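Notes follow the structure.
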Amino acid sequence: MAASPVIEPERTFNLRTLETAPMLFEYHRQTVGNERQYFTYPRRDTTFRKNFVKTEGNALLYYDNLRGAGILGNGLQFKCDSADTACAAKATALENAIPRAAIAASIVGGIDYRGGEHINDVDHSSSRVGKTAGDTIWPGIDGGLYVRGFVDSVDFVLDARIYSEGHSAKRPRSFDREFLEIQNDDKKSGADYTSYARYRTHFAFNYDWLRLDFGRDVMHWGPGYYNNLSLNQFAIPYNMMSLDLMIGPLRVMSFYADLRIYSSMDLRNKDSTRNLFGHRYELAVGNATFGISELTVLHDDMKPWLFVPTAPLFMEKGNYAESSNNGSISFDFNYRLFNSVRLYTEFFLDDMDSPISLIRNDNIEAKWAWMAGFQAGHDFYIKGHKLETGTIFEYARVEPYVYTHFKKNTAQVAHLGYPLGNQGGPNSRTIDWNLFARLDGHIFASVRQTWFWKGTDYGSSVNDTTPDSGHMLKHKSFLKGAKLKYSLTPAISYDGQRFSFMGELTLIDDRKTYIRAGFKF
């Protein structure tokens, strides 16, 4: 419904397309399927070119080198006389042929209603910042252009939109945590409206077992859906470059990301830089998948050598100043049972003074996190209708000081002040349980429950600092001052070829409403 050359993480906060929870059903497909399982996203969608004419031929503007140009599907059909069998055979061959070059463009957009007690209470990285006052966004209007296509070994996609929102709050904040421009003629009243622009893009070169991709998106590494610890799909998007290698059952991805320390329009970003390098090694054998993810964050430094996929980052980081770099490594495992259940876990190591100190877990140098979960699913076929059903359950524990560094606003594993990994941030515990179903790929319903705890003492924010070189091994307290925050979120949506509608209501401790109508022509 919104074809792309890459399988992308979900767009929870902005740039919503016509399909609800596409990554959830990508994980569902791997749970109930037979193929090797890989958990490195974004990654190439190998069906994009093969199905391009079928899925994108009715776009507003279309062109390929075999069929020519068309507007809303007009002019793309090869018409024949019913008695002309030679012409019919030629038409069939043309219909199944894959063009060398093709491009499609659509107008996309929608209108939102968002309301809540804490409209921007999605940053769990610090419990001391305080909660944002309630706000209602109405109307929230977005519109733009969705372009996708390929030429020879190159493929590309661009989703670019302009947003305009009305806010009831006198001091509105961005719902998606990126920059927000406030247009207000009367400084004594609430904001008349806010506006901003957002985009995501990929431009990639492909060669059999290799893909070099330049884009703006967010990485999601590991078998978890909600609570991945190294790189998480619910982080804020960043500009990046990645190299994806497939050698038999082994996938190796190396990537670079240009991160921001301060808010998007802060002048301090000119003089203070944050660069991220990451490698993921993934081996899929039968129903099992083994993964290793390693990250290095550099502050006011740039070492392109770290992009080399065979250079171990946890070893190479020792060649640079400790105060300007921050490294981590995680290990994950996934196993599929009976083509209906996935069991998975991830262990994330940010830092340790020694293996013994990690076992004792009594000081701030023992910086680690652990996540475990399972996903179950089954597809039913009832009188010609396909019903996809499933459930996903995850538990995550993130110790104090994880993702932090020695000095504030330096080499934290964060972008725009929010973690790149688990969105609960340091000193948190999260339990997620979701039941979901989709009928004929169009009607979706789910009920999600979340139990969340966040500590309140020092070490609960990504900008809390740790003593340099571990010379002062201070005691840490996990979840000190934490209170349970429980939320229940039922959701329902319709995903069509041209239009989509969705409604989501969050109850109990975090009351919010989200209603959207979207379109693509």
Side-chain angles (χ1 to χ4, degrees), residues 9-10 12-13 23-24 27 39-41 121-127 129 177 218-238 257 259 276 278 280 291-295 297 326-334 344-351 361 364 366-375 392-405 412-434 448-456 459-464 476 478-479 482 484-485 487 510:
E10 291 183 358
T12 304
F13 299 106
M23 271 287 289
L24 179 61
Y27 274 56
F39 304 99
T40 304
Y41 299 93
D121 190 23
V122 291
D123 177 15
H124 302 306
S125 62
S126 175
S127 58
V129 172
R177 303 167 292 173
V218 59
M219 285 286 180
H220 186 71
W221 287 0
Y225 176 74
Y226 291 112
N227 291 287
N228 286 13
L229 303 172
S230 182
L231 293 174
N232 193 294
Q233 65 172 324
F234 301 115
I236 301 175
Y238 35 76
L259 305 180
L276 171 67
R280 177 163 173 82
I292 300 176
S293 300
E294 54 176 359
L295 303 176
V297 181
N326 190 7
S328 69
I329 187 169
S330 71
F331 306 88
D332 57 78
F333 175 72
N334 173 88
Y344 53 86
T345 187
E346 179 183 7
F347 178 77
F348 178 90
L349 180 60
D350 192 338
D351 200 3
N361 195 36
I364 63 176
K367 297 160 59 179
W368 59 272
W370 176 65
M371 183 271 293
F374 72 87
Q375 180 170 357
I392 188 166
F393 178 90
E394 289 182 3
Y395 171 90
R397 170 178 174 148
V398 184
E399 287 288 304
Y401 295 95
V402 171
Y403 308 128
T404 67
H405 199 49
Q412 285 75 19
V413 187
H415 177 48
L416 291 172
Y418 293 80
L420 296 177
N422 187 279
Q423 295 300 284
N427 201 13
S428 69
R429 178 168 60 200
T430 309
I431 300 175
D432 281 297
W433 182 26
N434 190 13
R448 176 185 174 184
Q449 297 182 77
T450 300
W451 295 262
F452 181 72
W453 295 262
K454 180 72 174 178
T456 60
S460 301
S461 168
V462 292
N463 259 327
D464 288 346
K476 67 174 181 179
F478 181 59
L479 297 185
L484 170 62
K485 183 178 180 180
S487 61
D510 184 18

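Just so it is clear, the model here is predicted, and its values are computed rather than measured.
- Residues Gln375 and Tyr27 come closest through the heavy atom pair OE1-CB, 3.5 Å.
- The side-chain contact (heavy atoms from CB on, under 4.5 Å) test applied to Asn434 returns Leu24, Tyr226, Ile392, Phe436, Ser446, Arg448, not counting sequence neighbours.
- For the pair Phe39/His220, no side-chain contact is recorded, criterion being any heavy-atom separation below 4.5 Å from C-beta on.
- Contact check for Met219 versus Pro237: no side-chain heavy atoms found under the 4.5 Å cut-off.
- Nearest heavy atoms, Asn228 versus Gly222: ND2-O, 3.1 Å.
- Under the 4.5 Å side-chain criterion, counting only non-hydrogen atoms from C-beta, Asp351 is not in contact with Asn326.
- Contact between Tyr403 and Pro419 at its shortest, heavy atoms only, is CD1-CB, 4.1 Å.
- At least one side-chain heavy atom of Phe393 sits less than 4.5 Å from a side-chain heavy atom of Ile431.
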Original post:
Can you check side chain to side chain contact (heavy atoms under 4.5 Å, CB included) on Arg177 and Leu416, steps first, answer last?
Top reply: CA-CA 8 Å; Arg177 303 167 292 173; Leu416 291 172; over 6 Å; no
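- Between the Lys454 side chain and the Pro426 main chain, a donor and an acceptor come within less than 3.5 Å of each other.
- Not counting sequence neighbours, the partners of His415 by the ring-ring contact (aromatic ring centres under 6.0 Å, His included) test are Tyr238.
- Crowding of Trp451 atom CH2: a count of heavy atoms from other residues, nucleotides or ligands under 6.0 Å exceeding 12.
- In this structure, Pro9 and Met23 approach most closely via the heavy-atom pair CA-CG, 3.5 Å.
- Inter-residue side-chain proximity for Glu399 and Asn361 is flagged as met; some heavy-atom pair is nearer than 4.5 Å.
- The CD1 atom of Ile364 sits 5.0 Å away from atom OH of Tyr401, with the distance rounded to the nearest 0.5 Å.
- The OG1 atom of Thr450 sits 4.0 Å away from the CG atom of Asp432 when rounded to the nearest 0.5 Å.
- Scanning both residues, Ala414 and Leu259, for their nearest heavy atoms gives O-CD1, 3.6 Å.
- Contact check for Met371 versus Asn422: no side-chain heavy atoms found under the 4.5 Å cut-off.
- For Ala369, the side-chain contact (heavy atoms from CB on, under 4.5 Å) partners two or more places apart in sequence, or in a different chain, are Leu229, Phe348, Val398.
- Residue Ser230 holds its OG atom at 11.5 Å from CG of Leu349, rounded to the nearest 0.5 Å.
- Residues Trp368 and Arg397 have side chains in contact (heavy-atom distance under 4.5 Å, counting atoms from C-beta outward).
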Original post:
Hey, mind stepping through Trp370 and Thr345 against side chain to side chain contact (heavy atoms under 4.5 Å, CB included) and telling me if it holds?
Top reply: CA-CA 8 Å; Trp370 176 65; Thr345 187; 2.9 Å; yes
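- Shown here for Asn227 and Ala396, the closest heavy-atom pair between the two residues is CB-CB, 3.7 Å.
- For the residue pair Ser328 and Asp350, no side-chain donor N or O sits within less than 3.5 Å of a side-chain acceptor on the partner.
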**OP:** List the steps and the verdict of side chain to side chain contact (heavy atoms under 4.5 Å, CB included) for Tyr225 and Glu10.
**Re:** CA-CA 10 Å; Tyr225 176 74; Glu10 291 183 358; 2.7 Å; yes
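- Taking the six-membered ring wherever Trp is involved, the centroid distance between the rings of Phe13 and Phe234 does not fall below 6.0 Å.
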**OP:** Walk me through it: do Leu276 and Leu295 pass the test side chain to side chain contact (heavy atoms under 4.5 Å, CB included)?
**Re:** CA-CA 7 Å; Leu276 171 67; Leu295 303 176; 4.1 Å; yes
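- Looking at Asp464, its side chain does come within 3.5 Å of a backbone N or O of Gly459 through a donor-acceptor pair.
- Contact of the Asn427 side chain with the Phe478 side chain is registered, since non-hydrogen atoms from C-beta on lie closer than 4.5 Å.
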